[in-house]
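Right, one structure below, let's go through it.
Just so we're on the same page: letters track the sequence lines, and every chain starts at 1. Atom set for the values below is all heavy atoms of this structure, side chains included, hydrogens, waters and symmetry mates excluded.
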There are 2 protein chains.
Amino acid sequence: MTLDAPAYRTTPQREAILAVVREAGDHPSAREIYERVQVRRPGIGVATVYRTLELLAAHGRVLALQLGDDPIARYDGNVADHDHVLCEGCGAVADVAVPLPPQVADAVESATGFQVRTQEVQFLGRCPACRT
Amino acid sequence: MTLDAPAYRTTPQREAILAVVREAGDHPSAREIYERVQVRRPGIGVATVYRTLELLAAHGRVLALQLGDDPIARYDGNVADHDHVLCEGCGAVADVAVPLPPQVADAVESATGFQVRTQEVQFLGRCPACRT
DNA sequence: GTCCCTGCAAAAGTTTTGCATTGCG
DNA sequence: CGCAATGCAAAACTTTTGCAGGGAC
């Protein structure tokens, strides 16, 4: 049993969408992904993009994110464990790895009774260009 | 000069909305706040609720939150510095304080060049009732 | 009287859903 | 061939905006 075999049907649309997310340097929204994928496969529908992103996220091929106060979902092709830094000036987003010590999750568990599976940190500040 | 004087006009609608958010034990959405505030002040409009929540959040009277993958904004009357634990089973949310050591922000700054102003941690797991 | 606030309604934007057709496996 | 996936369009929601009326100061 291979670990990386997709448990879903592979189609040209899905491959194109996954490629777009993986090649994106920023953290594109569904609409941005929809627009970019038109270059590869003109005619692809918005619904397909949304359904595929949900599928890929459920299978851990991409990360679905809500960044800051922005209500729009964003997607990240980097599925390694990492966190995000947001610029309050221009909206830029950078990936950053912040390995919290396991004691932090332990403290949360004993304080709340929740069993913690994972965590994500979001930092808010100003990017180099916006520090004036 | 008092520090806690509101820099905006106090109206019955705004007082009612702030009271609803403060008394809420959960983390209600704008629609839920709209529904709950009808009990106090029937006839209040949705737009007023949205505008007031934005105002209160801008003045630090309430916290605006995006929790997990949920695109809907939620509001928290607890404005003390704290984080959140989300139940992946039932959607329950609990407040929890996780004071990260300042070295963490320093590490992010040197890794990304961003100047970090604040941060929020979200933990994902299962609440006591959903641990089966 | 002036200006801000409110409520209503419409608009804007994101995401979901229904359905006939297509095409992967 | 069977059935899941697609594309289109409409629907469902959340949130924002325009505007006339009303109230606070």
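With A:H82 as the partner, the side chain to side chain contact (heavy atoms under 4.5 Å, CB included) test is satisfied by one option alone out of A:V121, A:D76, A:V96, A:V98: A:D76.
Take the nearest nucleotide of DNA chain C for B:R41 and for A:P12: the residue whose nucleotide is more 5' is B:R41. Each of A:G43 and A:L55 was matched to the nucleotide of DNA chain D holding its nearest heavy atom; the match closer to the 5' end belongs to A:L55.
Contact annotation: A:R14 does not reach the phosphate of C:dC24 (side-chain N/O to OP1 or OP2, under 4.0 Å). An OP1 or OP2 oxygen of C:dT16 is reached within less than 4.0 angstrom by no side-chain nitrogen or oxygen of A:Y50. For the pair B:T48 and C:dG7, the criterion of a side-chain N or O lying under 4.0 Å from OP1 or OP2 is met. In this model, the phosphate group of D:dT14 is approached by a side-chain N or O of B:R31 to a distance below 4.0 Å at OP1 or OP2. Taking only side-chain nitrogens and oxygens, B:T11 comes nearer than 4.0 Å to OP1 or OP2 of C:dT6.
Between the side chain of A:R74 and the backbone N or O of A:A64 there is no donor-acceptor pair closer than 3.5 Å. Proximity of a side-chain donor or acceptor of A:E109 to a complementary backbone N or O of A:V116 within less than 3.5 Å is detected.
Distances were taken from every side-chain heavy atom of B:Q13 (C-beta onward) to each of D:dA5, C:dG7, D:dT15; the shortest belongs to C:dG7. Of all nucleotides listed (C:dT15, C:dG7, C:dT6), C:dG7 comes nearest to the side chain of B:I44.
Residues B:L53 and B:I17 are in side-chain contact: their nearest non-hydrogen atoms beyond the backbone lie under 4.5 Å apart.
Residue-level contact check: B:R51 touches the bases, meaning some heavy atom is under 4.0 Å from a base atom.
Salt bridge status for A:R117 with B:E88: present, with a side-chain N to carboxylate O gap under 4.0 Å.
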For nucleotides 1-3 of chain D, list the nitrogen or oxygen atoms of the protein found under 3.5 Å from its nitrogen or oxygen atoms, one pair per line.
none

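Atom CG of B:D81 has 12 or fewer neighbouring heavy atoms from other residues, nucleotides or ligands inside a 6.0 Å radius.
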